[in-house]
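Per chain, numbering begins at 1; letters A, B, ... match sequence-line order.
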Number of protein chains: 2
Amino acid sequence: MSTFGEYVRKRRMELQEGDPRFSLRKVAVAIDVEPSYLSKIERGEQPPPGEQTIRALAKELGEDPDVLLALAGKVSDDLQKIIRKRPRIFAELIRELKDMPEHAVLRLVREVRDGKW
Amino acid sequence: MSTFGEYVRKRRMELQEGDPRFSLRKVAVAIDVEPSYLSKIERGEQPPPGEQTIRALAKELGEDPDVLLALAGKVSDDLQKIIRKRPRIFAELIRELKDMPEHAVLRLVREVRDGKW
DNA sequence: TGTAGTGTGTAGTATATACTACACAACATG
DNA sequence: CATGTTGTGTAGTATATACTACACACTACA
């Protein structure tokens, strides 16, 4: 597992190869933070930014916000809100699924999504 | 929905009826915080305390920690950790379940719990 | 009537979070 | 060789979080 900073830098560098819009400075301006701040984050000198900044970064880099948030040690606020509305049931479900193999959870998600409920 | 403070005060008061160990001071000492701090929390003058203090309080009052944490606007760190390990799948599942009726989610939890997977 | 226990008011503190502002050296490009 | 663009270094700030320390007034009761 790479850190948040490493992951972002790698992804941005890849995009930068083919497009000058992905220089550190341009991206920083696009997501509305100081270039030096983004620099420090990418090098792990500063901890990951706040949720809104991570979301902007994810959008800019074409990444999944939930994945980036996870790398930053965070869980999306909208998910937290959903859990907090029914804390008991969601707590139980999530703890139950903790050690389930990937395919089992995937099957579950698919069944729920396909509306067999 | 009551606030965190109101909820705690009500519950503690009920217990205090039959047992002097549930005075504000005694509970505060038991969970290792200053009585004045707990007083302010119960009256909503201060925001809810941190997760560890909420857990101690839940234990002391015989309440569900996840419910108390939810009232405090928090989600248990162990749940967040589980989600962060597989952010995509859990994000999708939780958002999918957001508007599901209680009985559907309950059925799902039961099926998972009973190991039909 | 003193003393033990009750809740509360005032006035702080330490640490973390989430950044900004600006200067600077290296490099490239016209 | 000046101009623009690159990433980075230094030195801060504002706000939130999670509390402590201690004094005070009131009540119960022995």
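Contacts of B/E92 classified as salt bridge (charged side-chain N to carboxylate O under 4.0 Å, His left out), with partners at least two apart in sequence or in another chain: A/R113. Scored by the salt bridge (charged side-chain N to carboxylate O under 4.0 Å, His left out) test, B/D19 finds B/R21 as partners (sequence neighbours excluded). Residues forming a side chain to side chain contact (heavy atoms under 4.5 Å, CB included) with A/Q52 (at least two apart in sequence, or on another chain): A/R55. Not a single salt bridge (charged side-chain N to carboxylate O under 4.0 Å, His left out) links B/R110 to another residue, sequence neighbours left out.
Within the 4.0 angstrom heavy-atom criterion, only backbone atoms of the sugar-phosphate kind lie near B/Q16; the bases stay farther away.
If you take CZ of B/R21 and C1' of C/dG5, they are 17 Å apart, rounded to a whole angstrom. In this structure, CD1 of B/I41 is placed 12 Å from P of C/dT8, rounded to the nearest angstrom.
Taking the C1' atoms of five terminal pairs at each end of the helix from C/dT1-D/dA30 to C/dG30-D/dC1, the two resulting helix axes are inclined by 10°, rounded to 10°.
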Under 3.5 Å, side-chain donor or acceptor atoms of residues 23-36 of chain A against the rest of the protein: list the pairs with distances, not counting sequence neighbours.
residue: A/S23; atom: OG; partner: A/K26; partner atom: N; Å: 3.1

N/O donor to acceptor pairs below 3.5 angstrom from side-chain atoms of residues 82-89 of chain B, sequence neighbours left out:
residue: B/R84; atom: NH1; partner: A/G73; partner atom: O; Å: 3.3
residue: B/R86; atom: NH1; partner: A/M100; partner atom: O; Å: 3.0
residue: B/R86; atom: NH1; partner: A/E102; partner atom: OE1; Å: 3.0
residue: B/R86; atom: NH2; partner: A/L97; partner atom: O; Å: 3.2
residue: B/R86; atom: NH2; partner: A/K98; partner atom: O; Å: 3.0
residue: B/R86; atom: NH2; partner: A/M100; partner atom: O; Å: 2.9

| Does the pair A/V8 and A/I41 meet the rule for a side chain to side chain contact (heavy atoms under 4.5 Å, CB included), with working shown? | CA-CA 9 Å; A/V8 167; A/I41 286 165; 6.0 Å; no
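Pairs of residues two or more places apart, or lying in two chains, that qualify as side chain to side chain donor-acceptor pair (under 3.5 Å) and include a residue from residues 61-73 of chain B are A/R95-B/D66, B/Y7-B/E63, B/R11-B/E63.
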| task | Would you mind building the protein contact string for nucleotides 9-26 of chain D? One character per nucleotide, 5' to 3', B for base within reach (heavy atoms under 4.0 Å), S for sugar-phosphate only, - for untouched. | result | BBB------SBBBB----
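Residue A/R12 places none of its side-chain N or O atoms closer than 4.0 Å to OP1 or OP2 of D/dT6.
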